[in-house]
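Each chain gets a letter, A, B and so on, in the order the sequences are listed, and its residues count up from 1.
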Amino acid sequence: MSAFAAPTALGTSVRGDVPAVEVDNLTKVFRRRDPKAGRFTRRRLPALKKVTFTIERGECVAILGQNGSGKSTLVRLLSTLLLEDGGEARIFGHDAFREARLIRRLVNRVSVEASFFKKMSAQENLSYAARFYGMTPAQTRTAIPEILAKVGFPPERRTESMMNLSRGMQQKVALARALLTSPVLLLLDEPTTGLDPRSKREVQEFIREVRRTHDATILLCTHDMAEAEALAERVGLLDRGELLFLEPVAEVKRRYGVETLEEAFFAATGRSFEEEQDEDDELREVFG
Amino acid sequence: MTTIGATMRNELIGLGGFVERNVYLTKRYILWDIAFMIWTIANTLTIVFIARVENLPKAKENELATILLVGAVIWAFLGIIFEFMTETVAWERWEGTIEYTFMAPVSRTMHLFGQGAFAVLYGLIRATILFFAVAAFIGLHVPHANYGAAFALLAIASVSFIGVGMMTSVLPLISPEKGAQLGFVAQGVMLVVSGVYYPVSVMPHWMQLIAKISPATYVLRGDRASIVSGAGMRWADVWPLVVIAIASMPIGLTIFRIGERHAKRHGKLKRSG
């Protein structure tokens with residue numbers, strides 16, 4: 001029994017004979033207004049280009065990429081928030097787009113923005129969110145203080161408005177919300193971006209603890225190469241919608257004959273990480 | 001527990017989650033709510049005082065004031081329902097919670113019913129306070145009022161209002177910038193054609209035809225009859241509301257699902273700001 005298992009009624013069975021995530025030629029294209037070409041003209045912006053990869057159950061995989069590389073689009077597709085334009089994605093053998101209701105029971109997510117009702121407290125935000133996963137008030141009365149304690153959130157602050165909490169504290173509550181529902185696939189979309197070094201370390205340490213104690217597969221999307229290297233067994237590079245590689249860090253370094261992931265990025269793309277900062281703002285808006 | 005039983009249980013707990021969330025939000029924004037209540041009372045008084053300047057006999061003035069007050073109360077009630085339904089998407093997009101709500105394993109039916117259930121509960125409380133506050137302020141005399149029948153008819157009409165509200169709540173999903181405003185347009189149009197402060201018969205013929213499919217027409221007519229002359233619930237008002245409710249619910253849900261699919265296809269199901 002997992003340390004974070006909550007007694008939810010959503011007892012969806014998970015097949016043990018299939019990978020946790022299978023993504024095959026997954027493609028997503030957005031159409032955005034192109035003011036230069038005319039008022040009604042739409043420009044096709046490919047966000048993901050035939051991305052293919054597999055994640056085994058219990059594995060932690062990091063996908064690296066700069067803003068606009070398609071990381072958030074990938075997470076949104078796997079969270080059933082977007083529909084694909086080609087290819088397929090399966091989560092524990094279930095079609096992510098045609099079995100969305102079932103997938104939602106298996107997946108939860110932490111994104112770069114903490115995303116809460118700011119006037120409501122941590123307790124209130126977690127409480128109503130848990131109802132969507134079938135948890136009763138009797139269950140959340142004990143589960144919420146427990147999970148908040150585990151993420152290092154001071155229990156006496158759980159009735160304070162979210163708006164009075166620091167970004168680091170809010171992100172801890174976001175982690176608690178994701179784990180409260182005992183997901184078997186946890187999607188972490190830049191969970192430490194914008195956090196101070198101490199909060200960042202605490203969140204990373206908590207992710208390690210989740211891996212040790214919880215039967216969860218983790219897909220971590222980040223642009224922090226050190227974080228990816230520290231937390232994941234395999235690291236992938238998503239560049240302008242294309243997955244250039246997905247391998248253990250040692251193999252990536254060996255393949256490109258380099259010492260660091262930054263150098264591997266340069267070797268794989270022909271560009272430095274800094275150059276990416278100048279990327280088209282519109283693309284960031286679309287895929288960010 | 002059977003699979004169907006467990007699913008139903010989870011769905012009802014999920015529905016309760018939406019009601020619970022709105023209770024928390026109402027508690028947190030209670031001062032804003034009180035201010036809005038005072039504004040609504042003041043606004044209603046500006047309408048009801050019209051009956052005084054007409055220099056009518058006392059009984060006629062009382063009747064006209066009641067007719068205007070019922071119109072204003074229904075307007076306020078409908079406003080709450082539409083606001084909550086439209087805010088289903090708009091508020092969540094602003095707070096940034098929209099993605100978490102739409103990726104939760106609770107059906108869209110329960111999601112929208114949950115929002116609607118709270119809106120009706122909250123709207124009925126506000127409508128009751130509004131009615132009695134204004135009636136007391138202007139000294140309205142309604143000795144024959146059948147409040148039970150008026151309340152029951154409003155509750156029946158609420159189901160239709162939720163159905164129509166579902167149709168408008170999809171607008172912010174399709175148009176993040178203008179969707180919420182279009183919801184208010186729908187609310188205004190519905191009340192104009194339903195005879196909010198006047199009989200439907202004074203409107204042009206084509207507007208009277210539209211009035212026939214508006215649930216507000218029947219609740220305004222029925223509630224006025226109950227408050228002014230103490231009439232009970234009349235079948236002539238009830239059956240159109242039941243028919244509109246039966247039709248508007250599935251239509252509302254279908255439209256919302258189409259809108260949700262469109263938003264997922266085009267990447268509009270995300271936070272703004």
Problem - Rounded distance (nearest 0.5 Å) linking atom OG of Ser121(A) with atom OH of Tyr24(B) - result: 7.5 Å

Handout entry: Stepwise side chain to side chain donor-acceptor pair (under 3.5 Å) test for Ser127(A) and Glu20(B)
Key = CA-CA 9 Å; Ser127(A) 184; Glu20(B) 181 180 343; 2.8 Å; yes

Problem - Heavy-atom donor-acceptor pair, Lys119(A) side chain to Leu25(B) backbone, under 3.5 Å - result: no

Practice task
Side-chain contact test, heavy atoms from C-beta onward, threshold under 4.5 Å: evaluate it for Phe18(B) versus Phe132(A) and give yes or no.
Solution key: yes

Handout entry: Set of residues satisfying side-chain contact (heavy atoms from CB on, under 4.5 Å) with respect to Thr217(A), sequence neighbours excluded
Key = Ala20(A), Ile55(A), Arg57(A), Phe92(A), Leu185(A)

Exercise for the section: Not counting sequence neighbours, list each pair that qualifies as a side chain to side chain donor-acceptor pair (under 3.5 Å) and has a residue in residues 163-174 of chain A. Expected result: Lys172(A)-Glu202(A)

Practice task
Could you tell me whether Arg177(A) sits above the aromatic face of Tyr100(B), with NZ or CZ closer than 6.0 angstrom to the six-membered ring centre and within 45 degrees of the axis?
Solution key: yes

Problem - Under 4.5 Å from a heavy atom of chain B, the part of Arg101(A) involved - result: both

Problem - When Gly114(B), Ala104(B), Ala263(B), Gly16(B) are compared by non-hydrogen pairs under 4.5 Å with chain A, the top option - result: Ala104(B)

Exercise for the section: Output the distance between atom CE (Met120(A)) and atom NZ (Lys27(B)), rounded to the nearest 0.5 Å. Expected result: 9.5 Å

Exercise for the section: Would you give the length of the straight line joining atom NE2 of His266(B) to atom CZ of Phe30(A), rounded to the nearest 0.5 angstrom? Expected result: 10.5 Å

Practice task
Kindly check if the number of other-residue, nucleotide or ligand heavy atoms within 6.0 Å of CD1 (Ile30(B)) is above 12?
Solution key: yes

Problem - Ser115(A) side-chain N/O to Gly96(B) backbone N/O, donor-acceptor pair under 3.5 Å - result: yes

Practice task
Among Leu82(A), Thr80(A), Leu81(A), single out the residue with the greatest number of heavy-atom pairs under 4.5 Å to chain B.
Solution key: Leu81(A)

Exercise for the section: Could you grab the distance from atom CZ of Arg109(A) to atom CD of Glu99(B), nearest 0.5 Å is fine? Expected result: 4.0 Å

Practice task
For Phe137(B), look at atom CZ and say whether over 12 heavy atoms of other residues, nucleotides or ligands are found less than 6.0 Å away.
Solution key: no

Exercise for the section: Check each atom of Asn108(A) against the heavy atoms of chain B and say whether the ones under 4.5 Å are side chain, backbone, both or neither. Expected result: both

Handout entry: Val19(B) side chain near Arg131(A) side chain, heavy-atom distance below 4.5 Å
Key = no

Handout entry: Heavy-atom proximity to chain B below 4.5 Å, by part of Val75(A)
Key = neither

Completion exercise
Residues Tyr133(A) and Pro105(B): closest non-hydrogen pair is CE2-CD, 3.2 Å

Practice task
State the CE-CZ distance between Met163(A) and Arg28(B), to the nearest 0.5 angstrom.
Solution key: 10.0 Å

Problem - Met103(B) CE to Ile103(A) CD1 distance, which is reported to the nearest 0.5 Å - result: 11.0 Å

